[in-house]
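Let me begin by presenting the structure, written as structure tokens, before commenting on it.
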Amino acid sequence: MDTKRLIVFVVLSFAILFGWQHYFAPKPTAAQQAAQQAGAAPAAAGTVAAPAADAAGKLDRGSLIKVSTDLVSAEIDTMGGDLRRLSLKKHGDHDDPKAPFVLFQESGEHVYVAQTGLMSQGMPNLPTHRTLFVAKSGDAVLQDGQDSVSVRLEAPEVNGLKVAKIYTFKRGSYLIDVKYELVNAGQAPIQLSAYYRLLRDGKDPKGTGGHFGASTFTGPAFYTTEHKFQKVAFKEIDKDKAEYAKQPKDGWVAMLQHYFATAWLLSPKDGADVCAKNACRFEVKGVGDGLYSAGAIVDMPALAAGATTTLDVPLFAGPQETHQLESAAPGLELVKDYGMFKVIAQPMFWLLAKIHLLVGNWGWAIVCFTLLIKLALYPLAVTQYRSMAKMKKLAPRMQRLKEQYGDDRMKFQQAVMDMYKQEKANPLSGCLPVLVQMPIFIGLYWMLLAAVELRQAPWILWINDLSVADPYYVLPVLMAVSMWVQTLFNPPSADPMQDKMMKIMPLVFSVMFLFFPAGLVLYYVVNNVFSIAQQWYITRKIDQEDAAKAAA
């Protein structure tokens, strides 16, 4: 095998890989319309199960309280105190980048809301997501100079139990504090449980298809320090095969989709661990009409007569930005799905993010990232181009050997190997840089697929989104041209078929890269341009060395 055959092998491998992902690999399916109640975890002894959710499109409604901060616009319904709508101001819609991305909503086409409520045996009228609360404040807007803004809701008193639910939105954060204030004004202690759930349909949102057939996950996920990160597909819930930690000592429960996540945090990074003083349970189930519920139940100690207590469980709802995830809760950064190549993609993103802090543009960060990679691989490039130069000098002899042995492939190959041994030439020495580029390519691909930071991130001119394909195909064309220029430096092959393959490689690659993210194609265009410059410089230096030896 020589370098050219290796390149052909690499191209065919990529074609098979992405072809398999596109046509044959299993993808997350939309939820079946008839979901099963049997998917719910059994309630612990002495506790009650969370009430069933409302059917799709039939969520009871009260009045809406609107909240606006620097990052989000929210709508809280007094019916249940649900968070019914959440728009992200810094992230554009999939179809209209100028409009804010809507994460939570309750429209007929898509249902995705956050709900909470209280439960207790023998007290069926406790405030739940079906209870009409009274708003003690109107619409709230985060003003200049304010760090946070709150909305307070109060439920009708039940058997002397007074319940208030307070939402607090913070500047520069997608973390929403959700707190219950509980006052037992009755004559007897009350045993309470609180449930926190994310209710949504099983539809894949727009923009989850990835690129060239790669799919992203949509569905519930759980995390505990004991059981680590667990994802549950909607189809597993339908089949009553959902597996996850049901009795957590800490952690969080989330709903994931491409680029965005929501999570109830039992163990926030800068807050109290709810499960340290209370018994916690995770629960995921289908609730009918194509809806699914993923959440946590917190069983609190008995609230004595005349006593007051609070219960805080923050909600993260926003983009999967690494710094936001890491600052919200331990392990939450795991929702950022780098696929099976995480060990490569995650460090690459870390480096790219550091460069971005310096240059302020993700496109230029990719250019600088490519330069650093080229500098790091320069010693390998010298080895490769020296090998290519030697092979180029041996090309005439190889052609004479081919003419000498004709169709006798065995004798021809043996003669070629003897020539390599005599001239101390190793055709495989030029393959290592190509092999090194393979994990970089795959890692960069999955990094671009996972990084919401590059979603709708502009570079220059017509490139307004580095995470999708170049709309005018300029970068793929430039890549084809740069690859063609590189072939001019390659030594001719004794095999005419290989020469033909090498000539069509730029066209094959350019067609493949029509569908790849612009950021990935930008990396390869810059990589090719600097490779051409490196090859010209190293080849010129080798020619000067040879001329000096000849003159000596």
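Since this is a predicted model, take the numbers as computed values, not measurements.
- Nearest approach of Ala317 to Leu103, heavy atoms of both residues: C-CD2, 4.0 Å.
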Evaluate the criterion side chain to side chain contact (heavy atoms under 4.5 Å, CB included) for residue pair Leu198 and Leu315; output intermediate values, then yes/no. CA-CA 10 Å; Leu198 299 162; Leu315 172 68; 4.1 Å; yes
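- Taking the side chain as every heavy atom from C-beta outward, Leu88 and Val72 approach each other to under 4.5 Å.
- Atom OG of Ser68 sits about 8.0 Å away from atom CG of Leu142, to the nearest 0.5 Å.
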Could you please spell out the steps behind the ring pair (Phe, Tyr, Trp, His ring centres under 6.0 Å) verdict for Trp364 and Trp459? CA-CA 7 Å; Trp364 292 117; Trp459 178 39; 5.4 Å; yes
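- Proximity of Leu83 to Ile176: side-chain heavy atoms (C-beta onward) are separated by under 4.5 Å at one or more points.
- Looking only at distances, a side-chain donor or acceptor of Gln146 sits under 3.5 Å from a matching main-chain atom of Gln143.
- Checking side-chain atoms of Lys165 against main-chain N and O of Gly80 turns up a donor-acceptor pair under 3.5 Å.
- Side-chain contact annotation: Gln456 with His94, donor-acceptor N/O pair under 3.5 Å absent.
- Counting heavy atoms from C-beta on, the side chains of Thr78 and Ile65 come closer than 4.5 Å.
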Verify side chain to side chain contact (heavy atoms under 4.5 Å, CB included) between Thr322 and Trp350, making sure each step is shown before the conclusion. CA-CA 9 Å; Thr322 299; Trp350 178 87; over 6 Å; no
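- In the model, Tyr112 has a side-chain atom that pairs as donor or acceptor with a side-chain atom of Thr262 under 3.5 Å.
- Proximity of Ser467 to Leu448: side-chain heavy atoms (C-beta onward) are nowhere separated by under 4.5 Å.
- Defined by atom type and a distance below 3.5 Å, a donor-acceptor pair is missing between the side-chain atoms of Tyr180 and Thr309.
- Judged by distance alone, the side chain of Tyr167 and the main-chain N or O of Gly81 form a donor-acceptor pair under 3.5 Å.
- Side-chain atoms of Ser73 and Lys66 include no donor-acceptor pair closer than 3.5 Å.
- No salt bridge links Lys89 with Asp70; every basic N to acidic carboxylate O contact stays at or beyond 4.0 Å.
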Between Thr224 and Lys249, is the side chain to side chain donor-acceptor pair (under 3.5 Å) condition met? List the steps. CA-CA 7 Å; Thr224 70; Lys249 297 179 181 179; over 6 Å; no
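- Although no hydrogens or angles enter the test, the distance criterion places a donor-acceptor pair under 3.5 Å between the side chain of Thr131 and the main chain of Thr128.
- The two atoms that bring Val149 and Ala140 nearest to each other are CG2-CB, 3.3 Å, heavy atoms only.
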CA sep, side-chain torsions, deciding dist, call: Tyr196, Leu311, side chain to side chain contact (heavy atoms under 4.5 Å, CB included): CA-CA 11 Å; Tyr196 301 82; Leu311 183 62; 3.2 Å; yes
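- One finds the CG atom of Leu352 at 7.5 Å from the CG atom of Leu444 (value rounded to the nearest 0.5 Å).
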Taking it one step at a time, do Phe282 and Tyr244 satisfy ring pair (Phe, Tyr, Trp, His ring centres under 6.0 Å)? CA-CA 8 Å; Phe282 283 150; Tyr244 57 96; 7.3 Å; no
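- A heavy-atom distance below 4.5 Å is found between the side chains of Val113 and Leu199.
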Lys285 and Glu283: salt bridge (charged side-chain N to carboxylate O under 4.0 Å, His left out), yes or no, with the steps? CA-CA 7 Å; Lys285 59 185 178 181; Glu283 183 182 73; 3.7 Å; yes
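- Counting heavy atoms from C-beta outward, Leu266 and Val313 have side chains that approach closer than 4.5 Å.
- Remark: Lys241 NZ is loosely packed, at most 12 non-hydrogen atoms of other residues, nucleotides or ligands lying under 6.0 Å away.
- Of the charged side-chain nitrogens involved, at least one lies within less than 4.0 Å of a carboxylate oxygen, so that Arg152 and Glu181 count as a salt-bridged pair.
- Between the side chain of Ser267 and the main chain of Gly251, a donor-acceptor pair closer than 3.5 Å is present.
- The side-chain contact (heavy atoms from CB on, under 4.5 Å) with Leu334 is formed by just one residue from the set Lys231, Lys342, Lys228, Gln230; it is Lys342.
- At least one donor-acceptor pair under 3.5 Å links the side chain of Asn184 to the backbone N or O of Ala304.
- The CE atom of Met300 sits 6.0 Å away from atom CG of Leu118, with the distance rounded to the nearest 0.5 Å.
- Residue Gly286 comes nearest to Tyr292 through the heavy atom pair CA-CD2, 3.9 Å, listed as atom of the first residue, atom of the second, then distance.
- The ring of Trp446 has its center no closer than 6.0 angstrom to the ring center of Tyr338.
- The minimum heavy-atom distance between Pro458 and Leu466, with the atom names listed, is O-CD1, 4.3 Å.
- A salt bridge links Arg84 to Asp82: at least one charged side-chain nitrogen sits closer than 4.0 Å to a carboxylate oxygen.
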Could you walk me through whether Glu321 and His91 pass the side chain to side chain donor-acceptor pair (under 3.5 Å) check? CA-CA 11 Å; Glu321 296 174 357; His91 294 265; 2.9 Å; yes
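- Glu75 contributes atom CD, which lies 9.0 Å from atom CG of Asp139 (distance to the nearest 0.5 angstrom).
- Between Tyr259 and Asp337, the side chains place no donor N or O within less than 3.5 Å of an acceptor N or O (distance only, hydrogens not considered).
- Ring geometry, Tyr445 versus Phe516: the interplanar angle exceeds 60°, so the pair is classed perpendicular (tilted spans 30 to 60°).
- Looking only at atom types and distance, the side chain of Asp201 has a donor-acceptor partner in the side chain of His110 under 3.5 Å away.
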Before giving the answer on side chain to side chain contact (heavy atoms under 4.5 Å, CB included), spell out for Tyr195 and Thr116 the whole-Å C-alpha distance, their side-chain angles and the decisive distance to 0.1 Å. CA-CA 5 Å; Tyr195 63 88; Thr116 70; 5.5 Å; no
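- Residues Val253 and Ala296 share a closest heavy-atom pair of CG1-N, 4.1 Å.
- Nearest heavy-atom pair, Gly62 versus Leu132, reported as atom, atom and distance to 0.1 Å: CA-CD1, 4.1 Å.
- Of the N and O atoms on the side chains of Ser150 and Thr168, at least one donor lies less than 3.5 Å from an acceptor on the other residue.
- With Trp252 contributing its side chain and Pro330 its backbone, the two residues share a donor-acceptor pair below 3.5 Å.
- Counting heavy atoms from C-beta outward, Leu71 and Tyr174 have side chains that approach closer than 4.5 Å.
- Ion pairing of Asp77 with Arg61 is absent here, as no side-chain N (NZ or NE/NH1/NH2) approaches a carboxylate O to less than 4.0 Å.
- Rounded to the nearest 0.5 angstrom, Gln320 CD and Arg455 CZ are separated by 11.0 Å.
- Not one N or O on the side chain of Asp299 forms a donor-acceptor pair closer than 3.5 Å with the backbone of Leu192.
- For the residue pair Arg85 / Gln105, no side-chain donor-acceptor distance below 3.5 Å is found, with atom types taken as modelled.
- The shortest distance between side-chain heavy atoms of His227 and Phe222 does not fall below 4.5 Å.
- Between Phe369 and Tyr523, the ring planes lie tilted relative to each other; the angle falls in the 30° to 60° range.
- Between the OG1 atom of Thr69 and the CG atom of Asp147 there is a distance of 12.0 Å, given to the nearest 0.5 Å.
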